[in-house]
Asks: 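First the structure, then my questions, so here it is.
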Protein chains: 2
Amino acid sequence: MELTPEKNANVFKAFCDEKRLAILELLRSGEKCACMLIDQMEIGQSSLSYHMKILCESGIVESRQEGKWTHYKISEQGSHKAMLLLKAITTPNATAEDTRCCNQ
Amino acid sequence: MELTPEKNANVFKAFCDEKRLAILELLRSGEKCACMLIDQMEIGQSSLSYHMKILCESGIVESRQEGKWTHYKISEQGSHKAMLLLKAITTPNATAEDTRCCNQ
DNA sequence: GCTTCATATCAAAAAATGTCAATATGAAAG
DNA sequence: CTTTCATATTGACATTTTTTGATATGAAGC
């Protein structure tokens, strides 16, 4: 897994928008198709499609095609990766806090 | 802890911007004052101030005033809360995935 | 008190993101 | 192969976020 700042930021773009959080909340109860998400969110079709693309690219959501329908669900693997990434980003690294600053 | 979608989104705004990720990376090695962050990031003073405000409001970073200087560090508590929140957002909820969709 | 220095805030411009309506794509059914 | 239906893509526009430069604030030293 590559860890560029850009890719890392993309993972968390899934969570920094209220509508996407609302979509994820709906997906917590299991796989949903786009039409159902459009119904439950108050949102246009192209707008949902836009958000689903971001969610899928973040790795947090995965999609499954079934004929004309697209079904979305939360990706366990993606969520797990996000957890690890969040941990990594917020955990102090080995080289201790010895950098003294300014006038100190 | 209140859990409005808005507040939840704000937590993750800390992580969805490359510059803020870079700032967090610097803070992983310990507390830093603003002047040092300005040096190491290629960023203007008011721009850093803007990002630090977002980071602090997300709870991920905490600041400490010392005379004229402001020191920033990653908040252990804030990071922990973010982990819990991420877990909550991506974990299937009790009511199983029984909602059948469309033509299924 | 005034001056200096570090940081915050403001207002305008620039850049990025989100929305909407129209159109394209591609699968299924006829 | 034409039509229909679900979703994706596009382009124009609106909204939000970020940057920049100017100014404000507030602590420390004189």
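Worth knowing before you read on, the calculation uses all heavy atoms, side chains too, and leaves out hydrogens, waters and symmetry mates. As the structure is a computational prediction, the values presented were derived from the model and not from experiment. Sequence lines set the chain letters: A, B, ... in the order given, protein chains first and strands last, and positions in each chain run from 1.
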Asks: Kindly determine whether L37(A) and L27(A) satisfy side-chain contact (heavy atoms from CB on, under 4.5 Å), including the steps that lead there.
Replies: CA-CA 9 Å; L37(A) 293 172; L27(A) 294 180; 4.2 Å; yes

Asks: Is I74(A) close to P92(B) at the side-chain level, that is, under 4.5 Å between some pair of heavy atoms?
Replies: no

Asks: dT17(D), OP1 or OP2 - any side-chain N/O from K13(B) closer than 4.0 Å?
Replies: yes

Asks: Would you classify I38(B) as touching base, sugar-phosphate or nothing, given that sugar-phosphate means primed atoms plus P, OP1 and OP2, and contacts are heavy atoms under 4.0 Å?
Replies: nothing

Asks: Measure the shortest side-chain to side-chain distance between R20(A) and I60(A) over non-hydrogen atoms and say whether it is less than 4.5 angstrom.
Replies: no

Asks: Compare the minimum distances between each of dT18(D), dT7(D), dG18(C) and the side chain of Y50(B), then state the nucleotide with the smallest one.
Replies: dT18(D)

Asks: Identify which nucleotide among dT7(D), dT7(C), dT9(C) has an atom closest to any side-chain atom of Y72(B), counting heavy atoms from C-beta outward.
Replies: dT7(C)

Asks: Distance check needed: dT7(C) C1' versus M36(B) CE, whole Å only.
Replies: 16 Å

Asks: Output one line per pair: protein atom, nucleotide atom from nucleotides 11-15 of chain D, and distance, for all N/O pairs under 3.5 Å.
Replies:
none

Asks: Let me see the working for S58(B) and N10(B) under side-chain contact (heavy atoms from CB on, under 4.5 Å), right down to the final yes or no.
Replies: CA-CA 6 Å; S58(B) 76; N10(B) 280 342; 5.7 Å; no

Asks: Could you check how far CZ of F12(A) sits from P of dT17(C), rounded to whole Å?
Replies: 17 Å

Asks: Would you say T90(B) and L24(A) make side-chain contact, with heavy atoms under 4.5 Å?
Replies: no

Asks: Can you tell me if the side-chain N/O atoms of H51(B) get under 4.0 Å from OP1 or OP2 in dT19(D)?
Replies: yes

Asks: Counting C-beta onward and ignoring hydrogens, is there a side-chain heavy-atom pair between H80(A) and Q77(A) closer than 4.5 Å?
Replies: no

Asks: Which of residues 42-49 of chain B sit near DNA chain D, with a heavy atom under 4.0 Å from it?
Replies: S46(B), S47(B)

Asks: Got Y72(B) and I23(B) here, is their nearest side-chain heavy-atom distance under 4.5 Å?
Replies: no

Asks: Please report the shortest heavy-atom distance between A88(B) and R28(A), naming the atom on each side.
Replies: O-NE, 3.2 Å

Asks: Give the rounded distance in Å between these two atoms: CD of E57(A) and P of dT17(C).
Replies: 12 Å

Asks: Got L86(B) and M83(B) here, is their nearest side-chain heavy-atom distance under 4.5 Å?
Replies: no

Asks: What is the distance, to the nearest angstrom, from the NZ atom on K19(B) to the C1' atom on dT17(D)?
Replies: 12 Å

Asks: Which residue is it: Q65(B), R64(B), K32(B)? I am looking for the one with a side chain to side chain donor-acceptor pair (under 3.5 Å) to T70(B).
Replies: Q65(B)

Asks: Rounded to the nearest angstrom, tell me the gap between atom CZ in R64(B) and atom C1' in dA6(C).
Replies: 15 Å

Asks: Between dT18(D) atom P and D17(B) atom CG, what is the distance in whole Å?
Replies: 5 Å

Asks: So do the side chains of F15(A) and V11(B) get within less than 4.5 Å of each other, counting heavy atoms only?
Replies: no

Asks: Reckon L37(B) touches a base, only the sugar-phosphate, or nothing at all at heavy-atom distances under 4.0 Å?
Replies: nothing

Asks: Distance check needed: dT18(D) C1' versus I23(B) CD1, whole Å only.
Replies: 12 Å

Asks: Find out whether L55(B) and M52(B) are in side-chain contact, i.e. whether some heavy atom of one side chain is under 4.5 Å from a heavy atom of the other.
Replies: yes

Asks: Write down the distance between CE (M52(B)) and C1' (dA8(C)), rounded to a whole number of angstrom.
Replies: 13 Å

Asks: Do any N or O atoms of the protein come closer than 3.5 Å to N or O atoms of nucleotides 25-30 of chain D, and which pairs are they?
Replies:
none

